[in-house]
Trainee: 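Please find one structure pasted underneath; my questions will follow.
As the structure is a computational prediction, the values presented were derived from the model and not from experiment. Chain naming here is simple, since letters A, B, ... match the order of the sequence lines and numbering starts at 1 in each.
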There are 2 protein chains.
Amino acid sequence: MRGDAFDPDCPTRLILDRIGDKWSVLVVLSLAGGPRRFTELRRRIGGVTPKVLTQTLRTMERDGLLTRHVFAEVPPRVEYALTPLGLSLGRPIQAITDWAEEHVEAVVAARARHDGLPG
Amino acid sequence: MRGDAFDPDCPTRLILDRIGDKWSVLVVLSLAGGPRRFTELRRRIGGVTPKVLTQTLRTMERDGLLTRHVFAEVPPRVEYALTPLGLSLGRPIQAITDWAEEHVEAVVAARARHDGLPG
DNA sequence: CTCTCATGGTTTCCAAAGGGTACCAATGGC
DNA sequence: GCCATTGGTACCCTTTGGAAACCATGAGAG
């Protein structure tokens, strides 16, 4: 059975933990078009704080999803780029965002129905 | 551009927050085969605590992803089942788990390379 | 020489979420 | 009365997420 993700010891869980981070998802989407600098990412991904963005990027680097290239310049320049592995992750992520855009209305409606239920 | 998920005010973000919960993902996978009871889910999804499972199920119900059916029996019986909306979410989620199973080795290897790098 | 600006973070602090354990209500069996 | 089962809830603590401030470096302005 493929769904051994149910076993907490299965490494697949480890992936879900990665996907289960909305910032990682947004970083993958942001880098899909090519390398970007830290501040670019920060501006592009609305609402992310530098600390969390750094954490996210470092973890993704550790997991082999992206590379971090520091240029010895002033002011500093650091470019982040997806590895082939990270790039391949873009496809399933795109499937999620496609689903999201298609069904977001239904979810919002369900939520409104539930929350605002007048009795 | 479809990636308006970058805007924190875009409702697509709301979906990512949902997907961005590994327990929701596992619940969808668990219910893909048909309705299940609370304790079944709890046993099937290794490592989830009842509190968190309840939270997850309630949120998913609110979002229209599943239904909760309480039978007036003793001991109590509660069945959870995916709605068509929840069922449709199974496809992109499957894409993620497929990716995970295919590339988990690479991620684990990258992580080991990074962590254990002897110098 | 000092002041300012820009970049790519780090540090500190606080609130929120996640998770573990214990417990509850209702009823059947013993 | 006591235990077991089910589907949770309550309590508490640790971890995480997030806001805001600060830092090092060097160029350019004054």
Trainee: Considering every strand and a 4.0 Å limit on heavy-atom distances, what is the contact class for B/R42: base, sugar-phosphate, or nothing?
Mentor: nothing

Trainee: Below 4.5 Å, heavy atoms only, C-beta onward: do A/L53 and A/V27 meet side chain to side chain?
Mentor: yes

Trainee: Rounding to an integer number of Å, can you tell me how far A/D21 CG sits from D/dG17 P?
Mentor: 7 Å

Trainee: If the threshold is 4.0 Å, N to carboxylate O, is there a salt bridge linking A/D17 and B/K22?
Mentor: yes

Trainee: Could you check which residues of residues 45-73 of chain B get a heavy atom under 4.0 Å from DNA chain D? Sort them by number, please.
Mentor: B/P50, B/K51, B/T54, B/R58, B/R68

Trainee: Quick one: does any side-chain atom of B/R68 pair with a main-chain N or O of B/E61 as donor and acceptor, under 3.5 Å?
Mentor: no

Trainee: Can you tell me the distance, in whole Å, between the CD atom of B/E79 and the P atom of D/dT6?
Mentor: 14 Å

Trainee: For the residue pair B/E79 and B/P35, what are the closest heavy atoms and their distance?
Mentor: OE1-CB, 4.0 Å

Trainee: Please tell me which of the listed nucleotides, D/dG8, C/dT7, D/dG18, lies nearest to the side chain of A/K22?
Mentor: D/dG18

Trainee: Any donor and acceptor pair, going by atom type alone, linking the side chain of B/T83 with main-chain N or O of B/G86 inside 3.5 Å?
Mentor: yes

Trainee: Taking B/D9's backbone N and O only, do any of them form a donor-acceptor pair with B/D7's side chain (distance below 3.5 Å, no angle check)?
Mentor: yes

Trainee: Quick one: does A/S30's side chain have a donor or acceptor within less than 3.5 Å of a partner on A/L41's backbone?
Mentor: no

Trainee: Distance check: side-chain N/O of B/R37 vs OP1/OP2 of D/dG7, anything under 4.0 Å?
Mentor: yes

Trainee: Would you please confirm or rule out a distance under 4.0 Å between OP1 or OP2 of C/dT7 and any side-chain N or O of A/T39?
Mentor: no

Trainee: How many Å lie between CZ on B/R13 and P on D/dG17, as a whole number?
Mentor: 14 Å

Trainee: Anything under 3.5 Å between a protein N or O and an N or O of nucleotides 25-30 of chain D, put it in a table, one pair a line.
Mentor:
none

Trainee: With a cut-off of less than 4.0 Å, is there a side-chain N or O of A/W23 near OP1 or OP2 of D/dG18?
Mentor: yes

Trainee: Working to the nearest 0.5 Å, report the span between CG of B/L16 and OG of A/S24.
Mentor: 11.0 Å

Trainee: Can you measure B/E40 atom CD to D/dT5 atom P for me and round it to whole angstrom units?
Mentor: 16 Å

Trainee: Would you please classify the geometry between the B/H69 ring and the B/F71 ring as parallel, tilted or perpendicular, with 30° and 60° separating the classes?
Mentor: parallel

